[in-house]
Visitor: 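Quick one: the structure is below, and I'll ask about it shortly.
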Amino acid sequence: MPELPEVEVVRRGLADWVTGRTIESVTVLHPRAIRRHVAGPGDFAARLAGRTVTGTARRGKYLWLTVDDPALALLAHLGMSGQLLVGEPDRPREKHLRVRATFTDGGLDLRFVDQRTFGHLMAAELVPDAFEAAASVPVPIAHIAPDPLEDAFDDEGFYRALRRRHTGVKRALLDQSLISGVGNIYADEALWRAGLHWARPTETLTRPEVVRVLRGVREVMAAALAVGGTSFDSLYVNVNGDSGYFDRSLEAYGRRDEPCGRCGTPIRRDVFMNRSSYSCPRCQPRPRRGVF
DNA sequence: CTTCGTTCCTGTACGC
DNA sequence: TGCGTACAGGAACGAA
């Protein structure tokens with residue numbers, strides 16, 4: 001399940017393998033993969049054909065390729081199971097191949113493979129970034145906040161935004177308009193590190209607690225990035241098809257009934273937002289109404 | 001305006 | 001063996 005560290009691993013791979021190369025043709029094999037590109041597959045392919053890739057960028061879980069048209073980007077979101085793979089152009093088609101791009105040099109091709117089809121690609125317009133001077137951002141994601149690894153992320157502004165909200169801290173961490181790049185896995189890990197329960201009301205958070213949450217997010221993401229990201233199955237891989245190793249370092253996520261690494265209490269699993277939340281009942285006690 | 005439940009999709013695991 | 005169900009879950013969308 002790609003979150004920020006996994007997307008960053010993919011971005012770095014693309015930077016190595018496609019920068020400077022010219023796209024020859026783009027084939028859409030499944031229209032759902034470009035459903036956010038409202039002009040359709042023909043327009044998507046036509047906008048990208050002949051363009052030379054000039055660089056790569058990322059914000060949160062979105063990554064994009066810049067091209068020799070400064071107003072255009074190839075924007076990608078991997079969803080739950082999306083993969084961007086670089087490989088020999090004559091290899092067999094993957095079962096869930098959705099989009100394929102070839103290059104004029106006849107070398108390695110670029111494939112978007114996505115089993116569960118929650119991911120998508122689009123050819124998007126680039127506009128000036130409201131958060132970082134001199135930077136550009138694709139229009140469809142201009143509304144999301146910077147991610148916590150960006151210089152443009154505003155820690156104090158994040159604290160004030162949380163205090164204005166009336167929701168639980170985990171829901172806020174998953175809200176890409178407040179902080180981008182955090183998904184279910186790293187939200188649970190960051191809250192475990194910060195010693196906060198997922199349902200803690202955001203309006204009661206203290207400044208030191210928010211500092212702990214942000215430190216937790218940044219530290220766990222940096223640690224995951226250092227080992228190539230988190231993989232539970234074969235669905236997350238880098239551009240060469242290799243998995244990361246961070247699942248061996250997770251403290252809370254997926255560890256139901258296993259002992260907490262700090263206190264030994266069995267990790268608890270709750271259903272929240274129709275998905276799993278893992279926490280330590282002792283290190284992350286459930287908040288009581290009226291306590292704060 | 002904010003908040004929150006629903007929906008999209010496919011493959012795997014598991015109980016009976 | 002096969003069938004039904006739970007689960008994995010990001011984010012757009014609509015309702016309240």
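To find a chain, count down the sequence lines: A is the first, B the second, and so on, and within it residues start at 1.
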Visitor: Please produce a list of atom pairs where a protein N or O lies less than 3.5 Å from an N or O of nucleotides 1-4 of chain B.
Guide:
from  : atom 1 : to       : atom 2 : distance (Å)
B/dT3 : OP1    : A/His166 : N      : 2.5
B/dT3 : OP2    : A/Arg165 : NE     : 3.0
B/dT3 : OP2    : A/Arg165 : NH1    : 3.1
B/dC4 : OP2    : A/Thr167 : OG1    : 2.8

Visitor: Given C/dG10, is OP1 or OP2 found less than 4.0 Å from the side-chain N or O atoms of A/Tyr186?
Guide: no
Visitor: Just how large is the angle between the end axes of the helix from B/dT2-C/dA16 to B/dC16-C/dG2, five pairs per end, to 10 degrees?
Guide: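 End axes: 50° apart.
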Visitor: Going by the rule side chain to side chain donor-acceptor pair (under 3.5 Å), which residues pair with A/Arg51 if we only count those two or more places apart in sequence or in a different chain?
Guide: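 A/Arg51 satisfies side chain to side chain donor-acceptor pair (under 3.5 Å) with A/Asp68 once adjacent residues are dropped.
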Visitor: Dump every N/O contact between nucleotides 9-11 of chain B and the protein below 3.5 Å, one line per pair.
Guide:
from   : atom 1 : to       : atom 2 : distance (Å)
B/dG11 : OP1    : A/Lys95  : NZ     : 3.4
B/dG11 : OP1    : A/His96  : NE2    : 3.1
B/dG11 : O4'    : A/Gln115 : OE1    : 3.2

Visitor: Within the side chain of A/Glu3, is there an N or O that forms a donor-acceptor pair under 3.5 Å with the backbone of A/Tyr186?
Guide: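 Looks like yes, one N/O pair under 3.5 Å.
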Visitor: Which atom pair, heavy atoms only, marks the closest approach of A/Leu173 to A/Val182?
Guide: O-CB, 3.4 Å
Visitor: Name the residue from A/Arg212, A/Arg207, A/Arg218 that meets the salt bridge (Lys or Arg N to Asp or Glu O under 4.0 Å) definition with A/Asp155.
Guide: A/Arg218
Visitor: Considering residues at least two apart in sequence or located in another chain, which fulfil the side chain to side chain donor-acceptor pair (under 3.5 Å) criterion with A/Arg58?
Guide: A/Glu8, A/Asp147
Visitor: Take atom CG of A/Asp270 and atom P of C/dA8, then tell me their distance rounded to the nearest Å.
Guide: 12 Å
Visitor: Could you state the CG-C1' distance from A/Asn184 to C/dG10, rounded to the nearest angstrom?
Guide: 10 Å
Visitor: Just to verify, what does A/Ser180 make a side chain to side chain donor-acceptor pair (under 3.5 Å) with, not counting sequence neighbours?
Guide: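 Partners of A/Ser180 by the side chain to side chain donor-acceptor pair (under 3.5 Å) criterion come out as none, since no residue qualifies.
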Visitor: How would you label the contact of A/Arg35 with the nucleic acid (heavy atoms, under 4.0 Å): base, sugar-phosphate, or nothing?
Guide: nothing
Visitor: If you link I, L, V, M, F, W and Y whenever their side-chain heavy atoms are under 4.5 Å apart, who else ends up in the same group as A/Val127?
Guide: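 Hydrophobic cluster check, A/Val127: joined to A/Tyr62, A/Trp64, A/Leu75, A/Met122, A/Leu126, A/Val137, A/Val139, A/Ile141, A/Ile144.
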Visitor: Run the salt bridge (Lys or Arg N to Asp or Glu O under 4.0 Å) test against A/Glu258 and tell me which residues pass, sequence neighbours left out.
Guide: A/Arg255
Visitor: Excluding sequence neighbours, so at least two apart, what forms side-chain contact (heavy atoms from CB on, under 4.5 Å) with A/Pro89?
Guide: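 Here the qualifying residues are A/Arg100, A/Asp109.
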Visitor: Could you pull out all residues at least two apart from A/Glu150 that satisfy side chain to side chain donor-acceptor pair (under 3.5 Å)?
Guide: A/Arg59
Visitor: Under the salt bridge (Lys or Arg N to Asp or Glu O under 4.0 Å) rule, collect the residues that match up with A/Glu88, sequence neighbours excluded.
Guide: none
Visitor: Between P on C/dG10 and CD1 on A/Ile179, what's the gap in Å once rounded to a whole number?
Guide: 14 Å
Visitor: Summarise how protein sits on nucleotides 11-16 of chain C as a single string, 5' to 3': B when a protein heavy atom is under 4.0 Å from the base, S for sugar-phosphate-only contact, - for no contact.
Guide: BSS---
Visitor: Report yes or no: do A/Phe272 and A/Ile185 belong to one cluster of Ile/Leu/Val/Met/Phe/Trp/Tyr joined by side chain heavy-atom distances under 4.5 Å?
Guide: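 Per the 4.5 Å side-chain linkage, A/Phe272 and A/Ile185 are co-clustered.
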Visitor: Treat each ILVMFWY residue as a node, draw an edge where side-chain heavy atoms are under 4.5 Å apart, and state whether A/Phe153 and A/Phe131 are in one component.
Guide: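 They do not share one cluster, since no chain of ILVMFWY contacts under 4.5 Å joins A/Phe153 to A/Phe131.
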